[in-house]
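Remarks on the structure that follows.
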2 protein chains.
Amino acid sequence: MASKQTDKPVSSSQRALMELREMIFAGYLPAGSDHLETELAEQLKMSRTPVREAILMLEGQGLLQMRPRKGVRILPLSPEDMAEIYDVLTELESLAAENAAAFGYSAQNLSGLAQAIDDMDHAIKGPDLQAWARADNRFHKELVRLGGNRRAQAIVDMMSDQVRRARATTLTLRPLPTKSNADHRKVYQAIKEGDRSVARETHRAHRRHAKQIIVDILAKHSLRFV
Amino acid sequence: MASKQTDKPVSSSQRALMELREMIFAGYLPAGSDHLETELAEQLKMSRTPVREAILMLEGQGLLQMRPRKGVRILPLSPEDMAEIYDVLTELESLAAENAAAFGYSAQNLSGLAQAIDDMDHAIKGPDLQAWARADNRFHKELVRLGGNRRAQAIVDMMSDQVRRARATTLTLRPLPTKSNADHRKVYQAIKEGDRSVARETHRAHRRHAKQIIVDILAKHSLRFV
DNA sequence: GCATTTATTTATGTATGCATTATGGGCTGC
DNA sequence: GCAGCCCATAATGCATACATAAATAAATGC
């Protein structure tokens, strides 16, 4: 659990990648803002080269866009963007639920899911929205991991990052997700019982519902996000 | 249709990206092979910088992997990889089919699909497998475009590229896709009639079937691909 | 005074050079 | 003869320097 004795000497481009991501998620680089390579390099105390490499990778992940001579733009998320993202998440997570059910996992193997569900229950009673969001993330991430499709995992990770950018805001505006955990339990049950179609369709319905809630909120408040 | 009078002066990194892609697809950089940045730069007649940038992008697209001091490895595709890819394609294309059906496109808007289907019919009579593959690509690409989800489009493009690497081989080993076009027509009809669930499920079944055929071939021949 | 053209500035794209570090080979000692 | 260590080599990661092209400011002509 503890890091290696001396902190690992991670490469500059890796550090740039991580730090830029954090700066974006923390809102320090707000959606829609532009930033010159030189400025970013200065802030990260390194040369433009590793910063450029990080920017290229982040562009591939859809977090920003390089615009020659305009600087890199942190991409805003419109309600339509969010709808797209949720649709992709819906499909790939449903696939994962189906595949997980087909795997025949033991209760032991599913303990991560169960734990996340319990944590969500607990967080709702608080209510502690941050804790709920973290547990919800864990549930979805674990579900996709159990699905066993690494490409789907990578895509879901990417898209989840984008959702995360909007989370700070949507979390406070959406109704308390009290019903949500009933869905989660149903998915969990179906996976444990190896019922592929129930796992798939239940999760699918769950995600479509979530999409509706989030997109409605964004649209109603005419919000574009970080 | 004609390109601009003088050929567009694309940047070196763009050129590196395109040319490396072509070199991979053409099998000039075979799956599993390793290549030093310096060698590639030499072949492309440019410095390492733009080559590195292209490599970074291609790594993000899953075509290769940077391995410090070992060179970049062109990633092989195992039957399991292909199964993963087909599963993702199945989900996202089915989503596209459903959304396309929901859009209420006119026959005019669907002419691209219809044309691709006709071309496939024609190619099968040849039989001209290359022409069939091109038309099949067009059908799937157009379907996803009609779905309107740009993120799904980007992902499908990426995954289709990977399938394309195996195409040269699978195409000659698989049975003639004579039944395939019946599915395509059914999907087309459902989209035109706005029947979301038929469009979705028909395409889904179509893709799952295709997956089975391809994966079986790869497994039977113990093939890893380019 | 306005529009058009020209000059200047400046961000990016690319090349080059250097420091670091891993890898392979050779050498030494047992 | 084998194992382990050390050194040489070379590939990468990064910094820096420079050329190019775009955007802005300036200037000139009408």
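All values below were derived from every heavy atom in this structure, side-chain atoms included, with hydrogens, water molecules and symmetry-related copies excluded. So you know, we letter chains A, B, ... as the sequences are listed, proteins then strands, and number each from 1.
Contact check, B:S12 against C:dT14: a side-chain N or O comes under 4.0 Å of OP1 or OP2. In this structure, A:T49 does not reach the D:dC14 phosphate: none of its side-chain N or O atoms is under 4.0 Å from OP1 or OP2. Remark: A:T38 is not in phosphate contact with C:dT10, judged by side-chain N or O atoms under 4.0 Å from OP1 or OP2. Proximity of B:R48 to the phosphate of D:dT12: no side-chain N or O atom is located under 4.0 Å from OP1 or OP2.
A donor-acceptor pair shorter than 3.5 Å cannot be found between the side chains of B:S160 and B:D157. With no hydrogens or angles considered, no side-chain donor-acceptor pair links B:T90 and B:D87 at under 3.5 Å. Using modelled atom types and a 3.5 Å distance limit, the side chains of B:Q108 and B:S106 yield no donor-acceptor pair. Side chains of B:R200 and B:N99: no donor on one and acceptor on the other come within 3.5 Å.
Atom pair A:L56:CG and D:dC14:P shows a separation of 14 Å (rounding to whole Å applied). Distance, A:R52 CZ to C:dA11 P: 14 Å, rounded to whole Å. Summarising the geometry, the separation between CG on B:L17 and C1' on C:dG13 is reported as 15 Å, rounded to the nearest angstrom. Counting to the nearest Å, the C1' atom of C:dA15 and the CE atom of B:M46 are 12 Å from each other. Taking atom CD on B:E53 and atom P on D:dC14, their separation rounds to 14 Å, with Å as the unit. Taking atom CG of A:L40 as the reference point, atom C1' of C:dA11 lies 13 Å away to the nearest angstrom. The distance from atom CG of A:L36 to atom C1' of C:dA11 is 7 Å, rounded to the nearest whole Å. As rounded to whole Å, 14 Å separates atom C1' of D:dT12 from atom CD of B:E59.
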Please assess A:L89 against A:I155 for the test side chain to side chain contact (heavy atoms under 4.5 Å, CB included), listing each intermediate value before the final yes or no.
-> CA-CA 8 Å; A:L89 286 175; A:I155 297 167; over 6 Å; no
Tabulate protein N/O versus nucleotide N/O from nucleotides 20-24 of chain D, keeping only pairs under 3.5 Å, one per line.
unit_1 : atom_1 : unit_2 : atom_2 : d
D:dA21 : N3     : A:R69  : NH1    : 3.3

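With C:dA11, D:dT16, C:dA15 as the candidates, the nucleotide lying closest to the side chain of B:S47 is C:dA15.
Between B:H206 and B:H184, a ring centre-to-centre spacing shorter than 6.0 Å is recorded.
For A:E37 and A:R69, the salt-bridge test fails: no basic side-chain N is under 4.0 Å from an acidic carboxylate O.
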